[in-house]
*Asks:* 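What follows is a single structure, and I will ask about it in a moment.
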Amino acid sequence: MCSEHDPRDNGPFPLSTLRHSVSHLMASAVQKLYPGAKFGFGPAIEHGFYYDIELPEPVEDKDLRKIEKEMERIAKRTPELVREEVSRADAKTRLGAKEQTYKVEAVDLIPEGETITFYRHGDFEDLCEGPHLDRLDRGFHFKLLNIAGAYWRGDENRPMLRRIYGTAFWKKEELDAHLAWLEEVKLRDHRKLGTELDLFSTHAEAGSGFVFWHPHLGAVRRAIEEFMFQEQARRGYDFVYTPHVMREDLFKTSGHLENYGDMMYEGFGIENARYRVKPMNCPGHVMIYATRSHSYRDLPLRMAELGTVYRFERSGVLHGMMRVRGFTQDDSHIFCTPDQLEEEIAGVVELIDMVLRTFGYTYKAYLATRPEKAIGEPAIWERATKALQGAADRVKLPLELDEGGGAFYGPKIDFKVKDSLGREWQMSTVQCDFNLPERFKIHFTDSDGQQKRPIMVHRAILGSLERFIGGLIEHFAGKFPVWCAPTQVAVIPIREEHAAYCKQLEKQLRGELYRVDCMDAPGHMNNKIKDAQQQQIPFMLIAGDREAAEGTVAVRRRGTREQQVMPFAEFKVLLDRLRSTRSLGLE
RNA sequence: GCUGCUGUAGCUCAGUGGUAGAGCACUUCCUUGGUAAGGAAGAGGUCGUGGGUUCAAUCCCCACCAGCAGCUCCA
């Protein structure tokens, strides 16, 4: 955010004011170049600004340079930006006269009694509450970035306008740094790296939104799954497997059909019954719970599954591995008594903290409350929300509020991580559920002999493996830490005659389940070093006469040109340590 | 789904109303090289799919499929 502690917010006016004014400047240039343009909203946003405009003719990215030129001309010629208070009727008349239909509508959105203002520079005037710069020649730097469609007032039933994005800074170096950051984001794009590093693919022939994990990314996933298995096993989780296809009635009972039906695929018949592909794993886990009676002594029961679910997503939202139609959740449902609820949630929060730190993420937690479309009594919701808050207090986890952001069956705490590029992603979630136990009428026998309802805690740490690992690719820029890197060690013989020694090293490492690539195909060493470096392999072991004779290896780390000759046994100690501690670095 | 743009070799991309090219990768041969690209030759494409216009379509038009930038929605 440019608002909190951004050192670039260093001009005579706040950065957001600057950007808002540059947005106006852009609008005036568009008006000049495209007479008849109708303007919507044009605010400052996190990294810049945009303006939504209905244009009489199509605009393309290449037209942006032309608009920028006009902006510079206008800023020079008519720099004064004048504020004017107007009456509601006056505002409507003036905007109406210019056929600014969206702006006329915008006037009606202004609450009664609020001051209505226009801002004007040269012959361009715009309804706007401000604030703005006093002058447009205050020596700032801007760039227009891209064009896209956007619905008027964000409503898909209203007309679609053209949205032009841009950004502005007070200093040239800051603009350049921001543009460089955008380039970096592009370079790290998991779809780009996915092709370059042979990680995954999607196929038109197979349908969009379905990910094919190649061997390299399969290795990453296995390492992460193993890590998650160990950490959960250590914390008393039990692992289950449930079917992907279940009878439709089950989803009626669970409430999914009614509340989540839009996200589910059409049913199909098997003999005389209707079936559905699961969009969530919870009903399956309830099936297992309900197969026998439970004593309060059995609880909490922590049932975990890497459950693959299928959800309908509209074609336009699909995005690499980040937004897909079939994905695997590291899901779990904890069946517990009301007394245990807070402690169980606290345990989950601890696990989330541990896991996210392992990947080098920092995070924020949000308490998401009752949405409009929800099942269950308000009193129950309140109780669940209190438990979440209580658990967070217990482990001193600060919570921000996400009003109405809960699941249809209960409130939750969502975790948003910040990646190495400073971007936020929604990841882990802990959700309280008093409703599914009720719907499926599951129970346990309490110490007083009474039959009572357990509470279900839904939780996912990574969320979806597709989204999590897609995000990891970008977070690490393809440079995975040793413990989860696709190939951990490349062994490179200097000449063909050293291949035998290299093969021997490879065999030893592979014996300890390291992922090793002995690059002993014919060809020059330099070329292999280039390949290994481009493949982002953490370690290269290069061996020639000296190394073979002495039982050493020349170790070269990813991203460096330095080499360090050491006994192979010593390298193994280093490698073992990096793997077992899941170290993020290579030292 | 909507708006705009795009689809040519495994990858990145040129190109033309008369059925196609580059670099990298790949294969083979030569090269025995101490830390980021050794040399040569070769193979590889129904120019996303289906229609239409035309004497002729990879190129123009339409539809569909897929992708990209967003909007809306979400793990």
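Just so it is clear, the values below take in all heavy atoms, side chains as well, and ignore hydrogens, waters and symmetry mates. Since this is a predicted model, take the numbers as computed values, not measurements.
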*Asks:* I need the CG-C1' distance between L64(A) and rC5(B), as an integer number of Å.
*Replies:* 13 Å
*Asks:* Give the C-alpha distance, both sets of side-chain angles, the deciding distance and a yes or no for side-chain contact (heavy atoms from CB on, under 4.5 Å) between E466(A) and M322(A).
*Replies:* CA-CA 6 Å; E466(A) 282 73 7; M322(A) 302 299 225; over 6 Å; no
*Asks:* Answer whether the closest heavy-atom distance between the side chains of W381(A) and C432(A) falls below 4.5 Å.
*Replies:* no
*Asks:* If you measure from the Lys or Arg side-chain nitrogens to the Asp or Glu carboxylate oxygens, is any gap between D414(A) and K416(A) under 4.0 Å?
*Replies:* no
*Asks:* Between R302(A) and E344(A), does any NZ, NE, NH1 or NH2 come within less than 4.0 Å of an OD or OE carboxylate oxygen?
*Replies:* yes
*Asks:* Considering every strand and a 4.0 Å limit on heavy-atom distances, what is the contact class for A460(A): base, sugar-phosphate, or nothing?
*Replies:* nothing
*Asks:* Expressed in angstrom and rounded to an integer, what is the separation of M519(A) atom CE from rA37(B) atom P?
*Replies:* 14 Å
*Asks:* Roughly how far apart, to the nearest Å, are rA14(B) and rC55(B) at atom P?
*Replies:* 32 Å
*Asks:* Mind pulling the stems RNA chain B is in, i.e. runs of at least three Watson-Crick or G-U pairs, everything under 3.5 Å?
*Replies:* B:1-7 with B:65-71, B:10-13 with B:21-24, B:26-30 with B:38-42, B:48-52 with B:60-64
*Asks:* Taking the nucleotide of RNA chain B with the nearest heavy atom to each, does R162(A) or T560(A) sit closer to the 5' end?
*Replies:* R162(A)
*Asks:* Which letter, B, S or -, goes with each nucleotide of nucleotides 69-75 of chain B from 5' to 3', with contact meaning a protein heavy atom under 4.0 Å?
*Replies:* BBBBBBB
*Asks:* In chain order, what residues pass the ring-ring contact (aromatic ring centres under 6.0 Å, His included) check against Y51(A), with sequence neighbours excluded?
*Replies:* F39(A)
*Asks:* Using the test ring-ring contact (aromatic ring centres under 6.0 Å, His included), find all partners of H244(A) that sit at least two apart in sequence or belong to another chain.
*Replies:* none
*Asks:* Please evaluate residues Y409(A) and H458(A) with respect to the criterion ring pair (Phe, Tyr, Trp, His ring centres under 6.0 Å), reporting the C-alpha separation (whole Å), side-chain torsions for both, the decisive distance (0.1 Å), and the verdict.
*Replies:* CA-CA 10 Å; Y409(A) 47 75; H458(A) 305 237; 4.5 Å; yes
*Asks:* Under 3.5 Å between N/O atoms: give me all the protein pairs with nucleotides 7-12 of chain B, atom names plus distance.
*Replies:*
none

*Asks:* Could you state the CG-P distance from L161(A) to rU3(B), rounded to the nearest angstrom?
*Replies:* 13 Å
*Asks:* Just do the side-chain contact (heavy atoms from CB on, under 4.5 Å) check on F468(A) and F359(A) with the steps written out, would you?
*Replies:* CA-CA 11 Å; F468(A) 184 82; F359(A) 292 101; 3.5 Å; yes
*Asks:* Distance-only, no hydrogens or angles: does the D331(A) side chain make a donor-acceptor pair with backbone N or O of A460(A) under 3.5 Å?
*Replies:* no
*Asks:* Would you check if the side chain of T552(A) reaches a backbone N or O of A548(A) as a donor-acceptor pair within less than 3.5 Å?
*Replies:* no
*Asks:* Using the test ring-ring contact (aromatic ring centres under 6.0 Å, His included), find all partners of Y310(A) that sit at least two apart in sequence or belong to another chain.
*Replies:* none
*Asks:* In terms of the angle between their ring planes, are H256(A) and F408(A) parallel, tilted or perpendicular, with boundaries placed at 30° and 60°?
*Replies:* perpendicular
*Asks:* With 3.5 Å as the limit, what N/O pairs link the protein to nucleotides 23-32 of chain B?
*Replies:*
residue: rU31(B); atom: O2; partner: H524(A); partner atom: NE2; Å: 2.8

*Asks:* Could you work out the separation of rU46(B) and rC11(B) based on their P atoms and round it to a whole Å?
*Replies:* 14 Å
*Asks:* Mind checking the C1' distance from rA63(B) to rC74(B)? Whole angstroms is fine.
*Replies:* 30 Å
*Asks:* Do F49(A) and P43(A) come within less than 4.5 Å of each other through their side chains, counting heavy atoms only?
*Replies:* no
*Asks:* Passes ring pair (Phe, Tyr, Trp, His ring centres under 6.0 Å), Y366(A) versus F415(A)? Steps please.
*Replies:* CA-CA 6 Å; Y366(A) 296 81; F415(A) 290 74; 9.2 Å; no
*Asks:* In whole Å, what is the span from the CZ atom of R561(A) to the P atom of rG34(B)?
*Replies:* 17 Å
*Asks:* Listed by chain and number, what are the ring-ring contact (aromatic ring centres under 6.0 Å, His included) partners of Y165(A), not counting sequence neighbours?
*Replies:* Y50(A)
*Asks:* rG44(B) and rC5(B): how far apart are their C1' atoms, nearest whole angstrom?
*Replies:* 30 Å
*Asks:* When the P atoms of rG70(B) and rU54(B) are considered, how many whole Å apart are they?
*Replies:* 42 Å
*Asks:* For residues 531-546 of chain A, pull every pair meeting salt bridge (charged side-chain N to carboxylate O under 4.0 Å, His left out), keeping only residues two or more places apart or in separate chains.
*Replies:* R495(A)-D545(A)
*Asks:* 5'-most contact on RNA chain B: M525(A) or G320(A), nearest heavy atom basis?
*Replies:* M525(A)
*Asks:* The test is ring pair (Phe, Tyr, Trp, His ring centres under 6.0 Å); show your working for H475(A) and W425(A) and say whether it passes.
*Replies:* CA-CA 11 Å; H475(A) 177 58; W425(A) 303 95; over 10 Å; no
*Asks:* Is the positively charged end of R221(A) above the ring of W213(A), judged by distance under 6.0 angstrom from the centroid and angle within 45° of the axis?
*Replies:* yes
*Asks:* Got a sec? Which of residues 539-552 of chain A come in under 4.0 Å of RNA chain B, heavy atoms?
*Replies:* I542(A), G544(A), D545(A), R546(A), E547(A)
*Asks:* Tell me, please, which residues at least two apart from W152(A) pass side-chain hydrogen bond (donor to acceptor under 3.5 Å, both in side chains).
*Replies:* E105(A)
*Asks:* Please list residues of residues 201-224 of chain A whose heavy atoms come under 4.0 Å from any atom in RNA chain B, ordered by number; otherwise none.
*Replies:* A204(A), S208(A)
